[in-house]
Amino acid sequence: MIDLRLIRDSPELVREAIRKKGIGEEHDVDEVLRLDAKRRELLQEVQELRARRNRLSQEIGRLKESGGSPNELVVEMREVSSRIKELDGQLRPVEERLQTLLLYIPNIPHPDAPVGPDETHNVEVDRWGEPRNFEFPPKPHWELGTSLRILDFERAAKVTGTRFTVFWNAGARLVRALISFMIDLHVREHGYAEVLPPFLVNEQAMVGTAQLPRFREDSFKVEGYDFYLVPTAEVPVTNLHRGEILEADQLPLYYVAYTACFRSEAGSYGRDTRGLIRQHQFDKVELVKVVTPETSYQELEKLVREAGEVLRRLGLPYRVVEMCTGDLGFAQTRKYDLEVWMPSYQRYVEISSCSNFEDFQARRANIRFRRSRKSRPEYVHTLNGSGVAIGRTIAALLENYQCSDGSVVIPEALRPYMQGMDRITPGD
RNA sequence: GGAGAGAUGGCUGAGUGGCCGAAAGCGCUCGCCUCGAAAGCGAGUAGGCGGGUAGCCCCGCCUCGUGGGUUCGAAUCCCACUCUCUCCGCCA
């Protein structure tokens with residue numbers, strides 16, 4: 001949520017953001033301005049009446065105390081009270097509508113974010129490693145995984161449906177190894193605290209990180225409960241501090257969390273239908289930062305390096321792309337994607353997304369900090385980034401490390417987590 | 001699943017209809033004292049919203065888990081919900 005005062009003072013800035021992102025309605029801004037004015041008008045009147053009520057109430061109390069008869073005052077009180085009730089009745093729908101509209105207005109892009117309508121305007125800012133030259137026709141990971149008997153899409157379809165996977169044997173172990181490898185890296189070398197949050201969250205948490213109310217169709221809800229399956233660990237982890245006022249010396253907070261992630265992938269029928277790239281359930285190690293406003297952009301750059309370290313250790317070629325305004329999400333001001341080289345796609349594929357939200361989520365989730373004992377609370381800045389997506393990492397490992405006989409070499413960094421196993425061959 | 005208890009400021013905890021945004025204690029901040037510290041003494045110490053003046057000051061309104069109700073008036077009475085705790089049962 002953006003600051004109502006910003007809309008009041010610079011509505012054109014907000015309209016421009018809506019245009020650049022292609023998310024939201026410009027006329028919502030006008031309605032916000034109208035409702036805000038209306039609200040303040042009603043509020044002033046009702047507050048004066050309440051002040052009157054408080055004074056009358058005191059007088060009645062005093063009169064009764066001294067044995068007097070407050071009848072006339074009680075009559076006036078009745079009138080004042082019913083008028084207050086009436087105005088409250090007018091005020092409430094105004095405030096509710098205003099609040100809802102604010103939840104639908106997107107965050108303002110950073111001035112340095114490249115402007116453009118779609119991904120063709122994204123900007124590559126870094127590149128690491130060389131895509132390998134295969135001396136044989138490389139296979140896609142779904143073929144490799146199936147013939148190695150570590151990925152089983154057919155049985156997953158039987159027990160659940162399409163876009164699910166069963167991992168067998170070395171495949172299952174590989175998932176576990178990657179989770180541990182990534183968490184260890186971020187804890188030991190990047191100073192993150194390990195968190196294992198719930199995989200179900202309530203509606204308020206989803207609103208806090210801005211998945212709701214706008215993107216309801218993207219998530220899975222548990223029938224009969226106020227529970228959503230987490231689409232990313234960002235939701236439970238960022239919301240850990242919902243409603244809190246933190247001390248300045250607690251910041252920055254760095255959290256690393258593994259969760260399974262659940263996404264409906266509504267509207268992507270027919271895209272990436274094979275393999276691990278687009279699943280309803282996938283594993284991910286997520287990095288979340290809660291920081292002071294003045295540090296958030298340098299924290300974003302650091303986040304990109306920390307996520308990239310995972311790929312460098314695994315020897316996977318990747319590039320870093322800065323998202324243009326049209327590719328920025330609803331809540332982000334600035335975002336970098338890490339894209340790993342995927343031989344079957346013959347291109348780089350997103351494997352991590354690192355974003356700054358500034359105070360957008362903090363305002364929704366009411367996460368603040370105090371610079372000193374005496375100072376007013378301010379909103380923190382929040383960031384997050386994948387560190388990184390496990391399923392896509394497995395796809396990239398299988399494809400990039402495949403051999404002509406269909407076996408797959410396990411990169412050095414992962415072997416300690418695989419009981420020393422250095423290669424997956426059929427039967428493992 | 002059954003039975004019961006509870007939810008008040010950073011913490012403990014008082015408050016059963018008006019004088020209560022709220023006693024007391026602890027903690028914390030500042031000052032005095034001291035060579036310094038402790039102790040002691042004094043002062044201060046929630047958040048939000050609206051308005052004024054304009055910078056960090058004044059005025060008002062709201063908030064005692066959440067939402068509704070009773071009442072001229074609710075932290076206090078009634079209802080619903082959420083959460084926490086205890087006991088029994090069940091269970092990974």
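Every chain is numbered from 1, with letters handed out A, B, ... down the list of sequences. Because the structure is predicted, anything quoted here is derived from the model rather than measured.
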- Task: Name the nucleic acid region contacted by A/S57, choosing base, sugar-phosphate or nothing; use a 4.0 angstrom heavy-atom cut-off, strictly under.
- Result: base
- Would you say B/C56 has OP1 or OP2 under 4.0 Å from some side-chain N or O of A/R376? no
Ring pair (Phe, Tyr, Trp, His ring centres under 6.0 Å) against [X], all qualifying residues, sequence neighbours excluded:
X      : result
A/Y258 : none
A/Y254 : A/Y192
A/H280 : A/F164, A/F220

- Which parts of nucleotides 59-65 of chain B does protein reach within less than 4.0 Å, heavy atoms only, written one letter per nucleotide 5' to 3' as B for base, S for sugar-phosphate only and - for none? -BSS---
- Of all pairs that satisfy salt bridge (charged side-chain N to carboxylate O under 4.0 Å, His left out), the ones with a partner from residues 248-266 of chain A, not counting sequence neighbours: A/E265-A/R278
- Message: For residues 215-240 of chain A, which residue pairs pass the salt bridge (charged side-chain N to carboxylate O under 4.0 Å, His left out) check, not counting sequence neighbours?
- Response: A/E203-A/R216
- Task: Could you measure between the two P atoms, the one in B/C58 and the one in B/U82, and give it in whole Å?
- Result: 43 Å
- Message: With rounding to the closest Å, how many angstrom separate the C1' atoms on B/C62 and B/A24?
- Response: 27 Å
- Min side-chain heavy-atom separation A/R149-A/P426 under 4.5 Å: no
Scan nucleotides 83-85 of chain B against the protein and return all N/O pairs shorter than 3.5 Å with their distances rounded to 0.1 Å.
none

Tabulate atom names and distances for all N/O pairs under 3.5 angstrom spanning the protein and nucleotides 67-69 of chain B.
from  : atom 1 : to    : atom 2 : distance (Å)
B/G68 : OP1    : A/R92 : NH1    : 2.9
B/G68 : OP1    : A/R92 : NH2    : 3.2

- Those residues at least two apart in sequence (or on a different chain) that pass side chain to side chain donor-acceptor pair (under 3.5 Å) with A/D118 are A/T120
- Message: My understanding is that only residues two or more places apart in sequence, or in another chain, count here; which of them pass side chain to side chain donor-acceptor pair (under 3.5 Å) with A/D337?
- Response: A/S353
- Sorted by number, the residues of residues 363-370 of chain A with heavy-atom contact under 4.0 Å to RNA chain B: A/R368, A/R370
- Message: Let's see if you can work this out: which of B/G51, B/G73, B/G18 has an atom nearest to the side-chain heavy atoms of A/R40?
- Response: B/G51
- If you write RNA chain B from 5' to 3' in dot-bracket form, with Watson-Crick or G-U pairs under 3.5 Å, [ ] for crossing pairs and | for pairs with another strand, what do you get? ((((((((.[[[..)..(.....]]]((((((.......))))))(((((((....))))))).[[[[[..)....]]]]])))))))....
